[in-house]
There are 2 protein chains.
Amino acid sequence: MARIEDVARAAGVSTATVSRAMRGLPNVSEATRLTVSRVAAELGYVVSRSASTLASGRTRTVAVVAPFMERWFFAQVIGAVEAVLRAQNFDALLIGLTQPTDGKREQFEPDSLRGRADAVVVLTLPLTGHELDEVRRLALPTVYVGSSVPGAMSVRIDDVAAARLATDHLLQLGHTKIAYVGGEPEQRLNFTAPADRRAGWMASLAAAGVEACAAYQVPGQFTAAGGLDAGRALLALKDPPTAVFAASDEMAFGVLAAAREAGVLVPDQLSVIGIDGHELSELFGLSTVEQPVARQGALAAELALAALGGDPSHLHDHIVVDVRLVPRMSTGPAPRTRGRRTAVTRS
Amino acid sequence: MARIEDVARAAGVSTATVSRAMRGLPNVSEATRLTVSRVAAELGYVVSRSASTLASGRTRTVAVVAPFMERWFFAQVIGAVEAVLRAQNFDALLIGLTQPTDGKREQFEPDSLRGRADAVVVLTLPLTGHELDEVRRLALPTVYVGSSVPGAMSVRIDDVAAARLATDHLLQLGHTKIAYVGGEPEQRLNFTAPADRRAGWMASLAAAGVEACAAYQVPGQFTAAGGLDAGRALLALKDPPTAVFAASDEMAFGVLAAAREAGVLVPDQLSVIGIDGHELSELFGLSTVEQPVARQGALAAELALAALGGDPSHLHDHIVVDVRLVPRMSTGPAPRTRGRRTAVTRS
DNA sequence: TACTTTCCTGCAAGCGCTTGCAGTCACGGG
DNA sequence: CCCGTGACTGCAAGCGCTTGCAGGAAAGTA
């Protein structure tokens with residue numbers, strides 16, 4: 001393939017000039033720039049990323065670190081990040097942290113990013129303190145999505161407020177037996193979403209003078225399958241809740257399925273609300289607290305690029321985007337009857 | 001950061017030996033290898049990817065090209081590809097082809113991959129002939145997922161057979177008014193899934209002696225929203241179908257929503273089946289033709305790695321993975337009554 | 001006219017690895 | 001005792017760009 005030298009020779013200038021012309025640096029005359037880019041195009045010249053990186057120290061690559069990129073939220077965010085990066089001719093290097101079967105998450109090796117990325121976008125990830133330190137030590141612009149870490153940038157929603165919004169909605173409908181389906185109790189340093197959402201649920205209940213029964217607190221792994229299990233467990237209780245607040249729409253779908261399975265009518269006998277604004281929540285009539293998912297990804301990418309562009313003004317931004325309650329048919333007034341519910345079996 | 005020279009000096013060997021030792025090449029004594037790796041670890045030495053790439057011409061990177069990485073199928077595949085690559089210490093470079101608002105897909109520039117990836121995995125993508133040629137010209141191992149291209153490797157399902165399977169299922173239930181919700185009629189060279197699935201549908205009907213009514217053929221953009229529109233259109237017909245075969249589960253969800261919206265009972269008045277095996281299809285009782293999505297991604301990555309490993313035996317593999325029919329509650333016997341259906345409104 | 005400035009451009013020294021080729025050393029066979 | 005063999009290791013020439021510095025021409029100033 002054509003090298004910069006070929007272009008230089010063909011254009012009758014030095015490689016230095018070609019380099020500068022190709023990158024739009026200011027100290028190149030317009031005439032020269034035109035010649036160079038024409039010649040480059042003719043020769044099909046493409047700058048060698050590795051050579052350019054080696055020489056300049058810049059990679060034009062942003063690492064996107066995410067667990068479970070299969071999940072809706074992550075896929076949306078990654079898509080948005082990638083789009084913004086691509087528009088600026090930056091590359092997105094995907095770093096997935098798949099959970100091996102032994103249950104322990106694969107160790108994240110921030111060191112391996114050294115020299116491979118100019119910035120890092122970390123999606124809601126239960127990092128250990130050690131890992132956080134390592135990321136910090138990389139000294140790369142870093143932006144967290146879905147959680148905030150001191151000293152880095154972040155984009156997120158107010159999880160506590162979002163959870164309160166959802167729970168308040170249920171309270172206003174007259175519910176008092178409100179369950180929470182969330183993540184693992186595990187407390188990783190910056191994996192605050194599950195804890196925060198639970199906190200919001202508790203705060204909301206407390207403000208209404210309702211007791212947060214421990215049995216109404218069920219883990220759902222943030223997956224639909226987990227939500228299904230959680231829903232089953234809740235509906236099997238002696239005194240089942242009349243409403244469920246799931247910390248994600250995917251878990252809420254699981255709860256809906258559990259209800260259908262048990263012949264429990266939604267929303268007549270059970271109200272369900274989630275958080276996310278999942279594409280399918282509208283179709284399935286799931287009430288939810290919608291968050292701007294793609295926008296968070298785009299913002300994260302923009303923050304990273306701004307930092308790379310040398311703009312230091314956002315280096316400590318902690319952007320909190322707004323959420324909004326979207327009531328749909330999965331939430332309704334609390335049932336009047338106080339007695340045991342009768343399971344109604346369909347089909 | 002530590003350079004290879006620092007390690008060499010500290011270990012008392014040449015950089016050449018360090019380089020070989022770090023990569024596990026055979027011609028290094030075990031003792032030396034141990035010393036080198038110990039010293040490297042102590043110094044926190046990390047090989048510079050760019051220098052190594054520049055010198056060797058190998059990038060240890062596989063480009064993953066995908067449209068809409070937000071969609072379920074793509075997210076799953078990408079996740080699987082990434083996991084396999086990471087396990088072999090390869091990087092996944094995400095190349096998204098977002099559709100700009102003007103409707104035309106962003107031009108894919110295979111040339112830009114030159115020198116940035118050792119192999120390419122292309123996910124079901126409506127490439128133009130020109131783009132296909134360019135990819136071919138890259139002379140990199142290329143594997144297509146979801147479609148096959150002559151001269152490259154591929155992993156896919158038999159779309160025609162999958163569609164027949166779905167349609168046959170409906171026929172066996174006694175349906176004859178079977179609609180097809182698919183993609184755009186647009187015929188891109190290797191974007192054969194929509195056409196193939198439609199062909200399967202037609203073949204199945206033909207084999208059963210049932211006419212494939214043109215009005216029963218509706219585009220659904222392969223999205224839930226598109227499926228909703230399609231479902232609405234079908235249900236608004238003078239003579240609506242009693243069954244719908246959607247070319248993807250996401251579209252099928254849309255059809256289900258349309259039915260609910262119209263008060264049409266599933267499966268009593270309308271049967272719906274999709275293709276995919278979407279995570280939520282089980283929860284929502286959607287009958288489907290399940291395909292091993294993650295496995296296709298993993299296979300694709302493995303093919304790419306095998307080719308990079310110098311194994312030429314798979315260079316022209318066209319792997320076709322099996323699908324299986326998973327009947328659920330969204331499909332049932334065709335309604336007996338031949339007259340107009342009465343819309344039943346719930347809630 | 002002589003001297004700054006301003007603008008462009010070229011020189012050449014790297015950036016940090018990889019690898020073909022040429023040793024070096026210890027051994028065993030002739 | 002000499003030499004062929006293996007098994008390692010080191011030399012040094014790149015890989016294809018970027019960039020600090022210096023040179024040279026054109027334009028402005030005195």
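Atoms considered below: every heavy atom in the structure, side chains included; atoms not considered: hydrogens, waters and symmetry mates. The sequence lines fix the lettering, A, B, ..., with proteins before strands; numbering per chain opens at 1.
Where Val13(A) and Met1(B) each meet DNA chain C at their nearest nucleotide, the meeting point lying more 5' is that of Val13(A). Nearer to the 5' terminus of DNA chain C, by closest-nucleotide assignment, is the contact made by Ser50(B) (compared with the other of Ser50(B) and Arg20(B)). Comparing Ile4(A) and Ala16(B) by the nucleotide of DNA chain D whose heavy atom lies nearest to each, the residue mapping closer to the 5' end is Ala16(B).
If you check the side chains of Thr53(A) and Ser50(A), you find no donor sitting under 3.5 Å from an acceptor.
For Leu54(A), counting side-chain heavy atoms from C-beta on, the closest listed nucleotide (dG10(D), dC17(C), dG16(D)) is dG16(D). For Ser14(A), the listed nucleotide lying nearest its side chain is dG10(C); candidates were dG10(C), dT18(D), dG10(D). Taking every side-chain heavy atom of Thr17(B) into account, dT9(D) is the closest of dT19(C), dT9(D), dC17(C). For Val28(B), counting side-chain heavy atoms from C-beta on, the closest listed nucleotide (dT18(D), dC21(D), dT9(D)) is dT9(D).
When the shell of 6.0 Å around CZ of Arg136(B) is examined, it contains more than 12 heavy atoms from other residues, nucleotides or ligands.
Put simply, Arg9(B) has no side-chain N or O that comes within less than 4.0 Å of OP1 or OP2 on dG10(D). Of the side-chain N and O atoms in Arg23(A), one or more sit less than 4.0 angstrom from OP1 or OP2 of dT19(D). Note on Ser29(A): every side-chain N or O is 4.0 Å or more away from OP1 and OP2 of dC8(C). Applying the 4.0 Å criterion to OP1 and OP2 of dC17(C), one finds that Arg3(B) has every side-chain N and O outside that range. Side-chain nitrogen and oxygen atoms of Ser52(B) include at least one within less than 4.0 Å of the OP1 or OP2 phosphate oxygen of dT18(C). Contact check, Ser48(B) against dC15(C): no side-chain N or O comes under 4.0 Å of OP1 or OP2. Residue Arg60(A) has no polar side-chain atom (N or O) positioned under 4.0 Å from OP1 or OP2 of dC17(D). Checking the phosphate oxygens (OP1, OP2) of dC17(C), no side-chain nitrogen or oxygen of Ser19(B) falls inside 4.0 Å.
Note on Thr32(B): only backbone sugar-phosphate atoms sit closer than 4.0 angstrom, heavy atoms only; bases stay farther off. Heavy atoms of Arg33(B) sit nowhere under 4.0 angstrom from any nucleic acid atom.
Atoms CG and CG, on Leu93(B) and Leu94(A) in that order, are 9.0 Å from each other to the nearest 0.5 Å. Annotation: the span from Arg295(A) atom CZ to Ile319(A) atom CD1 amounts to 8.0 Å, rounded to 0.5 Å.
Secondary structure note: stems in DNA chain D built from 3 or more consecutive Watson-Crick or G-U wobble pairs under 3.5 Å occupy C:1-30 with D:1-30.
Atom CE in Met22(A) sits roughly 16 Å away from atom P in dG16(D) (whole-Å rounding). When rounded to the nearest whole Å, the span between CG of Asn27(B) and P of dA7(D) equals 10 Å. Glu5(A) places its CD atom 13 Å from the P atom of dG10(C), with the value rounded to the nearest Å.
Evaluated for a salt bridge (Lys or Arg N to Asp or Glu O under 4.0 Å) with Asp91(B), the options Arg49(B), Arg60(B), Arg116(B) yield exactly one hit, Arg49(B).
Among all heavy-atom pairs drawn from Val39(B) and Ala10(B), the shortest one is CG1-CB, 3.6 Å.
Proximity of Leu132(A) to Val149(A): side-chain heavy atoms (C-beta onward) are separated by under 4.5 Å at one or more points.
In the interface, the side chain of Arg49(A) is not paired with the base of dG16(D) through any donor and acceptor atom under 3.5 Å apart.
Seen from the ring of Phe68(A), Arg71(A) counts as a face-on cation partner, given the 6.0 Å and 45° thresholds.
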